[in-house]
Amino acid sequence: EAQVTQNPRYLITVTGKKLTVTCSQNMNHEYMSWYRQDPGLGLRQIYYSMNVEVTDKGDVPEGYKVSRKEKRNFPLILESPSPNQTSLYFCASGQFFNSPLHFGNGTRLTVT
Amino acid sequence: GENVEQHPSTLSVQEGDSAVIKCTYSDSASNYFPWYKQELGKRPQLIIDIRSNVGEKKDQRIAVTLNKTAKHFSLHITETQPEDSAVYFCAAGSNQFYFGTGTSLTVIP
């Protein structure tokens with residue numbers, strides 16, 4: 001089944017404790033991206049990747065890191081999480097940069 | 001960067017009526033305009049999209065129109081049904097996508 005898999009679905013952590021949210025797609029998509037969703041703000045892009053080893057900042061990249069070492073994986077790294085990063089995070093992939101996005105199921109992160 | 005504005009933020013319609021959601025964008029370089037539907041607690045899913053070389057696209061009860069000169073595009077849902085109740089997001093961009101803030105649509109049976 002074609003899908004984007006994110007893990008974990010729920011994560012509660014404390015300020016400053018490094019964490020990684022994994023994202024994997026099995027559709028051989030070139031384009032992958034991360035979004036955060038906050039009430040009233042819609043979906044805001046954190047980072048995106050056009051292809052392997054190519055990543056670019058989105059609208060709200062501060063406090064986040066990504067890597068694209070393989071085509072299928074695009075992990076999101078929070079080196080030192082802070083409470084303002086409490087949010088619902090979505091990973092998405094698309095065949096190319098301006099094609100329909102397939103979203104993962106989301107990761108609800110709480111930083112205390 | 002791009003700025004996408006979406007209106008209204010909430011919309012209630014009677015079952016069978018039409019619903020229209022409007023978005024404006026600022027960057028004339030944007031060339032792809034998708035619409036996503038997000039049901040409560042679920043992931044966004046694409047319902048229709050349009051590219052800058054097309055003015056209108058229709059898929060059964062859903063249609064999207066694009067006015068490049070005025071930099072606005074709209075989603076039209078006809079003969080609404082209760083299962084159309086969800087949050088709808090527009091987006092615009094080329095390699096980087098900007099989403100609108102969403103419209104919560106409620107279809108009243």
Side-chain angles (χ1 to χ4, degrees), chain A residues 1-7 9-10 21 23-25 27 29-51 54-62 66 68 87-108, chain B residues 1-10 21-27 29-54 57 59 62 64 66 73 75 86-105:
Chain A
E1 180 190 351
Q3 60 186 3
V4 178
T5 303
Q6 271 181 253
N7 281 298
R9 288 293 307 276
Y10 301 92
V21 184
C23 175
S24 180
Q25 51 94 3
M27 295 168 278
H29 284 168
E30 306 261 329
Y31 184 86
M32 296 187 76
S33 62
W34 276 101
Y35 297 87
R36 62 177 289 173
Q37 185 174 25
D38 301 290
L41 297 178
L43 290 151
R44 294 181 292 167
Q45 193 172 46
I46 303 170
Y47 270 94
Y48 63 98
S49 170
M50 298 283 213
N51 211 327
V54 179
T55 62
D56 282 292
K57 295 178 181 179
D59 216 22
V60 288
E62 295 77 20
V66 293
R68 187 97 182 270
S87 187
L88 178 59
Y89 292 86
F90 285 102
C91 178
S93 72
Q95 189 173 12
F96 302 111
F97 60 84
N98 60 352
S99 58
L101 291 176
H102 298 255
F103 284 83
N105 281 326
T107 296
R108 187 165 292 282
Chain B
E2 177 65 276
N3 181 40
V4 178
E5 294 191 358
Q6 182 173 347
H7 299 281
S9 57
T10 60
I21 303 170
K22 299 182 179 181
C23 288
T24 61
Y25 63 100
S26 60
D27 189 351
S30 290
N31 57 17
Y32 180 58
F33 308 90
W35 286 87
Y36 291 86
K37 175 183 180 182
Q38 186 178 28
E39 296 176 353
L40 190 63
K42 297 194 174 180
R43 72 184 97 181
Q45 292 194 292
L46 181 83
I47 54 170
I48 196 167
D49 58 5
I50 193 168
R51 299 186 186 275
S52 58
N53 59 346
V54 176
K57 184 176 179 181
D59 182 5
I62 294 172
V64 57
L66 171 65
F73 56 115
L75 177 71
V87 177
Y88 292 80
F89 292 98
C90 64
S94 51
N95 56 351
Q96 187 172 347
F97 284 104
Y98 294 85
F99 282 79
T101 51
T103 296
S104 178
L105 173 65

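The chains referred to below are lettered A, B, ... by the order of the sequence lines, with proteins before strands, and numbering in each begins at 1. Scope of the values below: all heavy atoms of this structure, side chains included, with no hydrogens, waters or symmetry mates.
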Asks: Just checking heavy atoms, which of residues 30-38 of chain A are less than 4.5 Å from chain B?
Replies: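 Residues in range: A:Y31, A:Y35, A:Q37.
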Asks: Considering residues, nucleotides and ligands other than B:R51, do more than 12 of their heavy atoms fall under 6.0 Å from its CZ?
Replies: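 Count over threshold, so yes.
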Asks: Nearest heavy-atom pair of A:F90 and A:G104: which atoms, and what distance?
Replies: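 Minimum heavy-atom separation between A:F90 and A:G104: CD2-O, 3.4 Å.
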Asks: Tell me, please, which residues at least two apart from B:S52 pass side chain to side chain donor-acceptor pair (under 3.5 Å).
Replies: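 Partners of B:S52 by the side chain to side chain donor-acceptor pair (under 3.5 Å) criterion come out as none, since no residue qualifies.
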Asks: Tell me, for B:Q6 versus chain A, whether the close heavy atoms (under 4.5 Å) come from the side chain, the backbone, both or neither.
Replies: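 Neither part; nothing is under 4.5 Å.
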Asks: If you count heavy-atom pairs within less than 4.5 Å of chain B, which of A:A92, A:G40, A:S99 leads?
Replies: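 Looking at each of A:A92, A:G40, A:S99 in turn, A:S99 comes out on top.
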Asks: What part of B:P34 is in contact with chain A, defined as an atom under 4.5 angstrom from a non-hydrogen atom: side chain, backbone, both or neither?
Replies: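 Nothing of B:P34, per the 4.5 Å heavy-atom cut-off to chain A.
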Asks: Measure distances from B:Y32 to the heavy atoms of chain A and classify the residue's part below 4.5 Å as side chain, backbone, both or neither.
Replies: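 Only the side chain of B:Y32 comes within 4.5 Å of chain A.
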Asks: Shortest non-hydrogen contact from A:G94 to A:H29?
Replies: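 It is O-CB, 3.1 Å.
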Asks: Determine whether A:N105 and A:Q6 satisfy the following criterion, side-chain contact (heavy atoms from CB on, under 4.5 Å), listing intermediate values before the conclusion.
Replies: CA-CA 7 Å; A:N105 281 326; A:Q6 271 181 253; 5.7 Å; no
Asks: Which pair of heavy atoms, one from A:L88 and one from A:R108, lies closest together, and at what distance?
Replies: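 Scanning both residues, the minimum pair turns out to be CD2-NH2, 3.7 Å.
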Asks: Work out which heavy atom in A:S93 is nearest to a heavy atom in A:M27; give both atom names and the distance.
Replies: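 What the structure gives for the nearest pair is OG-CE, 3.6 Å.
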Asks: May I ask you to list the residues in residues 41-50 of chain A that approach chain B closer than 4.5 angstrom, counting heavy atoms only, ordered by number?
Replies: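 Checking residues 41-50 of chain A against chain B gives A:L41, A:G42, A:L43, A:Q45, A:Y48, A:M50.
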Asks: Apply salt bridge (charged side-chain N to carboxylate O under 4.0 Å, His left out) to B:K22 and list each qualifying residue two or more places apart in sequence or on a separate chain.
Replies: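 Testing B:K22 for salt bridge (charged side-chain N to carboxylate O under 4.0 Å, His left out), a comparison that skips the adjacent residues, returns none.
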Asks: For B:A92 and B:S30, which heavy atoms make the closest approach, and how far apart are they?
Replies: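 Taking every non-hydrogen atom into account, C-OG, 4.1 Å.
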Asks: Side chains of B:F33 and B:V64, heavy atoms from C-beta outward: is any pair under 4.5 Å?
Replies: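 No, too far: nothing below the 4.5 Å cut-off.
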Asks: Do B:K57 and B:L66 have side-chain heavy atoms sitting under 4.5 Å apart?
Replies: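 No, every pair of side-chain atoms sits at 4.5 Å or beyond.
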Asks: Chain A heavy atoms under 4.5 Å from B:F97: which part of the residue, side chain, backbone, both or neither?
Replies: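 Interface part for B:F97: both.
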